[in-house]
Amino acid sequence: MLYKNSMRNSEKLILEELKQELNFRERIILKILKKYVLMIYSKGIIKGFNWEDR
């Protein structure tokens with residue numbers, strides 16, 4: 001249960017950081033595609049810190 005709460009908190013943090021840089025139209029798209037935005041963001045972080053492939 002603790003893991004789910006920490007995941008929700010991190011998702012909220014990521015979405016709040018992204019919202020600061022977006023305009024109104026982009027915020028609507030973010031709201032609709034929230035699941036996919038979080039998935040792409042997390043995959044990008046994993047790929048960015050995978051230094052073994054370089």
Side-chain angles (χ1 to χ4, degrees):
M1 192 67 168
L2 181 62
Y3 179 73
K4 281 189 174 184
N5 288 336
S6 65
M7 285 297 291
R8 286 185 187 142
N9 290 338
S10 64
E11 288 176 0
K12 285 183 182 179
L13 179 67
I14 291 169
L15 291 174
E16 288 300 319
E17 289 291 323
L18 288 173
K19 281 182 187 177
Q20 291 178 0
E21 302 294 323
L22 303 177
N23 62 27
F24 180 71
R25 196 177 309 151
E26 292 167 339
R27 286 181 188 195
I28 294 172
I29 294 170
L30 176 68
K31 189 93 168 162
I32 295 170
L33 301 174
K34 178 172 66 172
K35 177 182 172 185
Y36 297 105
V37 168
L38 291 170
M39 185 174 58
I40 291 168
Y41 190 84
S42 62
K43 284 185 179 186
I45 289 174
I46 291 169
K47 191 172 184 177
F49 284 104
N50 187 7
W51 292 19
E52 293 177 5
D53 290 342
R54 294 178 188 217

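Taken from CG in Asn23 to CD1 in Ile29, the straight-line distance is 8.5 Å, to the nearest 0.5 Å.
Cluster membership check: Ile40 does not share its hydrophobic cluster with Leu30, using side-chain heavy-atom separations under 4.5 Å among Ile, Leu, Val, Met, Phe, Trp and Tyr.
Annotation: salt bridge (Lys or Arg N to Asp or Glu O under 4.0 Å) contacts involving residues 19-33, sequence neighbours excluded, comprise Glu16-Lys19.
For Tyr36, the side-chain contact (heavy atoms from CB on, under 4.5 Å) criterion is met by Leu33, Met39, not counting sequence neighbours.
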